[in-house]
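Values in this document were obtained by computation on a predicted structure and should not be read as measured data. When reading the values below, keep in mind they use all heavy atoms of this one structure, side chains included, and skip hydrogens, waters and symmetry mates.
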Amino acid sequence: MTLIRTERRGAIELWTLDRPDRLNALPDLEDGEAFAAACERVNADLSVRCVVLTGAGRAFSAGGDLKAMRERRDLFEGSGAEIRERYRRVVHRIVRSLYGLEVPLVSAVNGPAMGLGCDIAGLGDIRIASETASFGVPFLKLGILPGDGGAWLMPRNVGYARAAEMLFTSRVLDAQTAMEWGLVSRVVAPERLMDEAMAIAGDIAAQAPHALRMTKALLRQGRDATFDQILEMTAAMQALAHLTEDHLEGVSASLEKRRGTFEGR
């Protein structure tokens with residue numbers, strides 16, 4: 001079964017993890033390719049300005065398939081070297097692809113987000129949760145470690161001490177605690193989740209697309225670059241932005257007290 005069900009809504013793409021019978025468990029061996037293809041397609045299409053990611057059914061994603069782990073099959077089959085290579089080709093391809101998505105990603109977490117599912121949700125630039133959502137990275141509880149880059153990502157989302165608490169204790173956070181810790185920015189009633197996510201995405205999609213993608217790139221680079229490096233990148237990108245037709249449209253719209261209409265030129 002195809003993992004990602006896609007739906008186009010104007011300049012927004014809605015991606016739904018679509019294995020509800022397995023609580024959207026991942027990854028199957030083909031999932032790295034599925035995420036890579038979806039992200040590459042969006043990166044190449046300037047008419048897409050935002051992606052919303054959610055899960056089908058009652059879970060966002062339960063993470064790894066425990067039965068496959070116990071039976072040492074699929075991703076977990078073979079020697080240590082073979083398992084390592086599958087992590088690189090499948091798990092790491094998923095998170096690298098999402099991290100490299102050039103348009104803003106809104107994670108709409110509709111239910112439990114565990115393990116890799118939690119870290120995939122955490123790769124969203126903006127993360128909102130249903131009141132029924134929960135978050136956990138219980139790798140140590142299973143006798144393994146965060147093999148998806150979560151040890152890098154989680155401290156950047158919630159801070160070192162809280163990331164350590166989540167990882168070292170396998171504690172699961174409810175939606176309200178996740179908001180208090182900064183893992184999500186807002187919590188809404190289940191029936192309001194997708195309306196809220198699409199409203200945020202709509203506000204994002206109304207922005208000038210070139211400037212939008214460059215601003216996301218600056219935010220990503222800003223996690224590790226020095227202030228001087230970011231200033232140099234900003235100067236180069238700003239020069240490009242000033243030469244776009246969208247910039248002139250934005251200035252004219254502001255002076256005329258109307259909403260700008262941006263066409264990616």
I'd like to know if [Y] and [X] are part of one continuous hydrophobic network [Ile/Leu/Val/Met/Phe/Trp/Tyr, side-chain heavy atoms within less than 4.5 Å].
X: L98; Y: L75; result: yes
X: I83; Y: L26; result: yes
X: Y99; Y: M154; result: yes
X: V106; Y: L123; result: no
X: V95; Y: V51; result: yes

Under 3.5 Å donor-acceptor, [X] side chain and [Y] backbone:
X: S61; Y: N24; result: yes
X: E232; Y: D228; result: no
X: H92; Y: G147; result: yes
X: R86; Y: E77; result: yes
X: R213; Y: N43; result: yes
X: D246; Y: G264; result: yes
X: R19; Y: L3; result: no
X: D65; Y: D28; result: no
X: N110; Y: G55; result: yes
X: D18; Y: I4; result: no

What is the distance from atom [atom1] of [X] to atom [atom2] of [Y], rounded to the nearest 0.5 Å?
X: T132; Y: L193; atom1: OG1; atom2: CG; value: 8.0 Å
X: F227; Y: T234; atom1: CZ; atom2: OG1; value: 8.5 Å
X: S107; Y: L183; atom1: OG; atom2: CG; value: 9.5 Å
X: E131; Y: R192; atom1: CD; atom2: CZ; value: 11.5 Å
X: M114; Y: S170; atom1: CE; atom2: OG; value: 10.5 Å
X: E13; Y: R41; atom1: CD; atom2: CZ; value: 4.0 Å

* Start with the C-alpha gap between D125 and I204, add the side-chain angles, then the distance that decides, and say whether side chain to side chain contact (heavy atoms under 4.5 Å, CB included) holds. => CA-CA 11 Å; D125 301 288; I204 292 169; over 6 Å; no
Should the pair [X]-[Y] be classified as a salt bridge under the 4.0 Å nitrogen-to-oxygen rule?
X: E33; Y: R93; result: yes
X: R162; Y: E165; result: no
X: R258; Y: E249; result: yes

- Query: Can a donor-acceptor pair be found between the side chains of S47 and R8 at a distance below 3.5 Å?
  - Reply: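 S47 vs R8: donor-acceptor pair found between side chains.
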Residue [X] excluded, over 12 heavy atoms near [atom1] under 6.0 Å:
X: R89; atom1: CZ; result: yes
X: R73; atom1: CZ; result: yes
X: R259; atom1: CZ; result: no
X: R156; atom1: CZ; result: yes
X: R171; atom1: CZ; result: yes

(message) Checking one residue: F262. Which other hydrophobic residues are in its cluster under the side-chain 4.5 Å linking rule?
(response)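 Direct or chained contacts put F262 with none.
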Results of side-chain hydrogen bond (donor to acceptor under 3.5 Å, both in side chains) for Q176 - residues two or more places apart only:
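Scan of Q176 (side-chain hydrogen bond (donor to acceptor under 3.5 Å, both in side chains), adjacent residues dropped) gives none.
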4.5 Å side-chain heavy-atom contact, L167 and P146:
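With C-beta onward as the side chain, the pair touches.
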Going by ring pair (Phe, Tyr, Trp, His ring centres under 6.0 Å), name the residues that satisfy it together with H247, two or more places apart in sequence or in a different chain.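 With neighbours one apart ignored, the set is H242.
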Consider side chain to side chain contact (heavy atoms under 4.5 Å, CB included). Of V109, L17, I128, L14, which one does T54 pass it with?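 The side chain to side chain contact (heavy atoms under 4.5 Å, CB included) with T54 is passed solely by L14 among V109, L17, I128, L14.
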